[in-house]
Amino acid sequence: MIKKYFPHLGGSLFLGSATLVGFLATWEGAEQHVVYADKLAGGLPTVCKGLTRHVTSTPIIVGERWSAAKCQQEETAALQRVQTALAQCFQVLPPQYVFDAASSHAWNFGHPSTCTSLAMASFNQGDWVTGCRRLSMSDTGRPVWSFTSHIDPKTGAKVFTFIQGLANRRQAETSFCRKGVV
């Protein structure tokens, strides 16, 4: 965990905080040392606490075994990259729990998606409560960020499938996020 100053925010945030790492372990697995093909992500090779090619440049090969030390080293570096990029999207210094919840979202969907989300729009207005809610629910009360998609080979249409586990994670992110604002 390092504390980094962000001049555009006029303050510091912790990168790779213990609370974020613990949260990720709950949802991504704490001891996943064999690379597996994540079925929810279309077979994307995944290891450790959700490391994929989207957050690290280290090759991730299904079936390969990683040591705990390699996982920790790669996770730390990847979290710092993701959180540094994510911090650039904030226009107002967020509470640490808000930043960590947004970081979990970015870890799962990529920082570009989090940066362009309605949650970030609220965060950038200093509306932490609405931003936290928008990590899991739309303004009409429907689940968001809780679906997988694939292309139907017969029609060529994009098909979305609701995944309860993703909805549970989004709700957990919202609760985690609110710790910083309630």
Side-chain angles (χ1 to χ4, degrees), residues 1-2 14-87 89 97 99-117 119-120 132 134-137 142-177:
M1 175 171 65
I2 64 167
F14 286 102
L15 303 182
S17 72
T19 53
L20 173 59
V21 171
F23 186 85
L24 290 176
T26 299
W27 293 99
E28 298 283 0
E31 300 294 325
Q32 185 59 50
H33 297 292
V34 177
V35 179
Y36 65 97
D38 187 337
K39 292 177 185 170
L40 289 181
L44 182 67
T46 305
V47 71
C48 309
K49 291 183 189 79
L51 283 174
T52 68
R53 63 180 159 79
H54 297 294
V55 295
T56 183
S57 59
T58 300
I60 301 175
I61 302 161
V62 173
E64 187 176 66
R65 177 171 287 282
W66 286 32
S67 68
K70 183 175 180 178
C71 279
Q72 183 174 8
Q73 177 184 353
E74 290 291 330
E75 288 165 356
T76 299
L79 269 176
Q80 288 178 7
R81 280 192 302 275
V82 168
Q83 288 191 291
T84 297
L86 180 65
C89 301
Y97 275 99
F99 183 61
D100 286 348
S103 297
S104 171
H105 188 275
W107 188 255
N108 206 202
F109 289 101
H111 77 273
S113 293
T114 304
C115 289
T116 59
S117 70
M120 185 60 70
C132 291
R134 284 178 164 178
L135 289 173
S136 62
M137 301 297 279
R142 296 179 150 238
V144 294
W145 304 102
S146 301
F147 299 83
T148 60
S149 65
H150 69 279
I151 303 297
D152 183 326
K154 293 179 183 175
T155 65
K158 195 172 202 176
V159 177
F160 292 92
T161 305
F162 176 78
I163 305 295
Q164 186 62 55
L166 290 175
N168 295 346
R169 179 174 179 165
R170 301 290 82 81
Q171 283 291 344
E173 284 171 351
T174 290
S175 296
F176 183 64
C177 184

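When all heavy atoms of Ser103 and Gln83 are compared, the closest pair comes out as OG-NE2, 2.9 Å. Closest approach of Met137 and Val144 over heavy atoms only: N-CG2, 3.6 Å. When all heavy atoms of Val21 and Leu79 are compared, the closest pair comes out as CG2-CD1, 4.0 Å. Closest heavy-atom contact between Tyr97 and Thr19: OH-CG2, 3.8 Å. When all heavy atoms of Leu135 and Ala101 are compared, the closest pair comes out as CD1-CB, 3.9 Å. Counting all heavy atoms, side chain and backbone alike, Gly50 lies closest to Val55 at O-CG2, 4.5 Å.
Contact of the Ile61 side chain with the Pro45 side chain is not registered, since no non-hydrogen atoms from C-beta on lie closer than 4.5 Å. Put simply, the side chain of Leu86 reaches to within 4.5 Å of the side chain of Phe99, judged on heavy atoms. Proximity of Asn108 to Trp145: side-chain heavy atoms (C-beta onward) are nowhere separated by under 4.5 Å. Inter-residue side-chain proximity for Ser117 and Phe109 is flagged as unmet; no heavy-atom pair is nearer than 4.5 Å. Side-chain contact check for Trp27 versus Ser104: every heavy-atom pair is 4.5 Å or farther apart.
Under the 3.5 Å distance criterion, the side-chain polar atoms of Arg170 are left unmatched by any main-chain donor or acceptor of Ser146. Under the 3.5 Å distance criterion, the side-chain polar atoms of Thr52 are left unmatched by any main-chain donor or acceptor of Thr46. Looking only at distances, a side-chain donor or acceptor of Thr26 sits under 3.5 Å from a matching main-chain atom of Gly22. A distance-only check finds no donor-acceptor pair linking the side chain of Glu173 to the backbone of Ser175 [under 3.5 Å].
Other residues, nucleotides and ligands contribute over 12 non-hydrogen atoms within 6.0 Å of the CD atom of Glu64.
Between Glu74 and Lys49 there is no salt bridge, since no side-chain N of the basic residue sits under 4.0 Å from a carboxylate O of the acidic one.
Note that OG1 of Thr56 is 5.0 Å distant from CZ of Arg81, once rounded to the nearest 0.5 Å.
Ring planes of Phe176 and Phe23: parallel class, angle under 30° (limits at 30 and 60°).
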